[in-house]
Amino acid sequence: MRKKILVTGGAGFIGSHLCEKLLQQGNDVVCMDNLFTGQKDNIRHLMDNPYFEFIRQDVLEDVYVECDQIYNLACPASPIHYQYDPIKTGKTSVIGALHTLGLAKRCHARILQASTSEIYGDPEIHPQPETYRGCVNPIGVRSCYDEGKRMAETLFFDYHRQHLVDIKVIRIFNTYGPRMRSDDGRVVSNFIVQALKNENITIYGDGKQTRSFCYVDDLIDGMIRMMNSREDFTGPVNIGNPGEFTMLELAELVIRLTESNSKITYMPLPQDDPTQRKPNIDLAEKELAWKPNIGLEEGLVKTIDYFRTIIV
Ligand code: NAD
Ligand code: UDP
């Protein structure tokens, strides 16, 4: 049956892929976004679909949309964007969660929170299982995002316990793919744009820090599986690709795949930059029968193809 689904942050990188997939599956999708980091171009191809609606609205305003399911993605995700106005970032996570949870309560809708591996901070346990409680600096430059997302998780579980709201929480690890902005500032888009322009590749620190990169199609599959999982499975559940790479390895791979003349240059490491990150995805495999299918090289080729079309 056609479901009415609200996607906050639906004009962003991940949100636009999610809206597209939900429409393909025959749903009625409302995308709510304030276009802070999202773009109309990301959803332009959906605008003619009668089952798609775009509402330009901030999640800090009251949200009234009759719906069966809510995906709450509204929040800038790139460090440069979430640190641009950190107070607003904190508000977006916390007040955005309160507004969407209130809506879920009133509509009896199921609600999924796009949480993050950042709630583990700079982890002392490797790889990170969902039971690990994290090592987060509460007063650093990343805290507006990390602690905002942690508080949002708290609110989700309190609404679940106190008001029996049907919640789902996923912790997303670094995800990349087409429709990332060229000025997004995250590592995959930065390296690809620099390589395609034959500019220096900017490695922060010594490049030995690690991340695990998930291609966006794999993430969307995991997200939708989680939303439609059995009622008593709330998560949190890690969704990410366990392949682990240093930033130096990533830079070398991007240079090879783009056949670029770029050279590597080293810049200072930002404050509180986590040294390593890799998801333990046993829970997702067990509960959602989910695991990623697209390796880094394959995903990078698709992403590079996209950036070639937008970089002149
Ligand atoms: P993005 O910046 O492309 O998307 C975020 C969207 O939210 C944008 O369209 C933006 O305009 C919108 N938004 C921001 N503040 C808003 C507000 N106050 N009201 C309404 N809309 C608002 O980033 P993304 O990578 O697509 O991330 C989407 C979600 O997934 C975010 O919640 C992010 O925290 C989470 N996440 C992403 C990653 C990743 O690697 N991409 C990792 C972990 C978690
Ligand atoms: N990074 C880098 N060069 C860049 C952008 C990022 O070396 O041009 C590093 C950054 O310091 C971090 C890693 O790449 O160690 C991932 O950064 P990103 O901002 O993509 O995500 P996050 O730190 O939130 O995982």
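Each ligand, and each atom within it, is numbered from 1 in the order the structure gives.
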Undergrad: Please say whether more than 12 non-hydrogen atoms of neighbouring residues, nucleotides or ligands are located less than 6.0 Å from OH in Tyr51.
TA: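 Check fails, neighbour count at 12 or below.
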Undergrad: Is Glu118 salt-bridged to Arg142, going by a charged N under 4.0 Å from an acidic O?
TA: yes
Undergrad: Taking C-beta and beyond as the side chain, do Phe36 and Lys88 meet within less than 4.5 Å on heavy atoms?
TA: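 A side-chain contact is absent here, since even the closest heavy-atom pair is not under 4.5 Å.
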Undergrad: Out of all atoms in ligand 2, which are within 4.0 Å of some heavy atom of Ile203? Include the element for each.
TA: 7 (O)
Undergrad: Check each heavy atom of Met180 against ligand 1 and say whether those closer than 4.0 Å belong to the side chain, the backbone, both or neither.
TA: neither
Undergrad: For ligand 2, note which part of Arg142 has a heavy atom under 4.0 Å away: side chain, backbone, both or neither.
TA: side chain
Undergrad: For atom 12 (C) of ligand 1, which of the options Asp33, Ile43, Ile239, Ile14 provides the nearest non-hydrogen atom?
TA: Asp33
Undergrad: What atoms of ligand 1 come closer than 4.0 angstrom to any heavy atom of Leu35?
TA: 11 (O)
Undergrad: Is the number of heavy atoms from other residues, nucleotides or ligands within 6.0 Å of CD (Glu259) greater than 12?
TA: no
Undergrad: I want to confirm something. Looking only at heavy atoms, which of Asp58, Asp85, Thr89, Ile95 is nearest to atom 18 (N) of ligand 1?
TA: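 Of the listed residues, Asp58 has the closest heavy atom.
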Undergrad: At a non-hydrogen distance cut-off of under 4.0 Å, which region of Ser115 contacts ligand 1 (side chain, backbone, both, or neither)?
TA: backbone
Undergrad: Between the candidates Asn34, Val7, Leu18, which shows the shortest non-hydrogen contact distance to atom 17 (C) of ligand 1?
TA: Asn34
Undergrad: Under 4.0 Å from a heavy atom of Gly9: which atoms of ligand 1 are those, numbered in the order shown and with their elements?
TA: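 Answer for ligand 1: 6 (C), 7 (O), 9 (O), 12 (C).
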Undergrad: Starting from atom 18 (P) of ligand 2, which protein heavy atom do you reach first, and at what distance in Å?
TA: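 It is Val187 N, 3.9 Å.
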Undergrad: Pick whichever of Phe13, Tyr145, Tyr176 has a heavy atom sitting closest to atom 35 (C) of ligand 1.
TA: Tyr145
Undergrad: Heavy-atom distances under 4.0 Å decide this one: backbone, side chain, both or neither, for Val188 against ligand 2?
TA: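 Near ligand 2, Val188 shows nothing, with every heavy atom at 4.0 Å or more.
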Undergrad: Heavy-atom contact check, 4.0 Å cutoff: does Gln194 meet ligand 2?
TA: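 Contact absent.
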Undergrad: May I ask you to check whether Gln194 and Ser262 show a side-chain donor-acceptor distance below 3.5 Å?
TA: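 Their side chains do not contain a donor-acceptor pair, so the 3.5 Å distance test is not met.
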Undergrad: Give the atoms of ligand 1, by number and element, whose distance to some non-hydrogen atom of Lys149 is under 4.0 Å.
TA: 31 (C), 32 (O), 33 (C), 34 (O)
Undergrad: Please examine the side chains of Pro178 and Thr303, heavy atoms only from C-beta on, and report whether any two atoms are closer than 4.5 Å.
TA: yes
Undergrad: Looking at atom 15 (O) of ligand 2, what's its closest protein heavy atom, distance included?
TA: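 Here the nearest protein heavy atom works out to Asp273 OD1, 2.5 Å.
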Undergrad: For ligand 1, which atoms sit closer than 4.0 Å to a heavy atom of Asn174?
TA: 40 (O)
Undergrad: Where the closest heavy atom to atom 25 (O) of ligand 2 is concerned, which of Arg277, Met247, Glu118, Gln276 has it?
TA: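 Of the listed residues, Arg277 has the closest heavy atom.
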Undergrad: What's the spacing between Arg230 CZ and Leu288 CG if we round to 0.5 Å?
TA: 9.5 Å
Undergrad: Would you call Leu73 and Met223 a side-chain contact if the rule is heavy atoms closer than 4.5 Å?
TA: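 Contact flag for Leu73/Met223 side chains = yes.
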Undergrad: Taking atom 3 (N) of ligand 2 as the point of reference, which of Asp272, Thr202, Asn190 owns the nearest heavy atom?
TA: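 Shortest heavy-atom distance from atom 3 (N) of ligand 2: Thr202.
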Undergrad: Assess Gly205 for proximity to ligand 2: is some non-hydrogen atom of it under 4.0 Å away?
TA: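 No, that is not the case, since the closest heavy atom of the residue is not under 4.0 Å from the ligand.
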Undergrad: Nearest heavy atom to atom 7 (O) of ligand 1: which of Ser93, Gly10, Gly38, Cys75 does it belong to?
TA: Cys75
Undergrad: Quick check: does any side chain N or O of Asn200 sit under 3.5 Å from a backbone N or O of Thr202, one acting as donor and the other as acceptor?
TA: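 Side chain of Asn200 to backbone of Thr202, a donor-acceptor pair under 3.5 Å: no, none is there.
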Undergrad: Please confirm whether Gln57 comes under 4.0 Å of ligand 1, counting heavy atoms of the residue only.
TA: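 Distance cut 4.0 Å: Gln57 passes for ligand 1.
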Undergrad: Which ligand 1 atoms are under 4.0 Å away from a heavy-atom of Gly12?
TA: 3 (O), 4 (O), 8 (C), 9 (O)
Undergrad: Distance to 0.1 Å, residue and atom name: give those for the protein heavy atom nearest to atom 21 (O) of ligand 2.
TA: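 The closest one turns out to be Asn174 ND2, 3.4 Å.
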Undergrad: Does any N/O atom on Pro274 come nearer than 3.5 Å to any N/O atom on ligand 2?
TA: no
Undergrad: Can you tell me which portion of Thr92 lies within the under-4.0 Å heavy-atom range of ligand 1? Options are side chain, backbone, both, or neither.
TA: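 Side chain only.
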Undergrad: Atom 7 (O) of ligand 2: which of Tyr204, Tyr266, Phe213 has the nearest heavy atom?
TA: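 The nearest heavy atom belongs to Tyr204.
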Undergrad: Of all the non-hydrogen atoms in the protein, which one sits nearest to atom 39 (C) of ligand 1, and at what distance?
TA: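 Heavy-atom neighbour on the protein nearest atom 39 (C) of ligand 1: Arg186 NH1, 3.3 Å.
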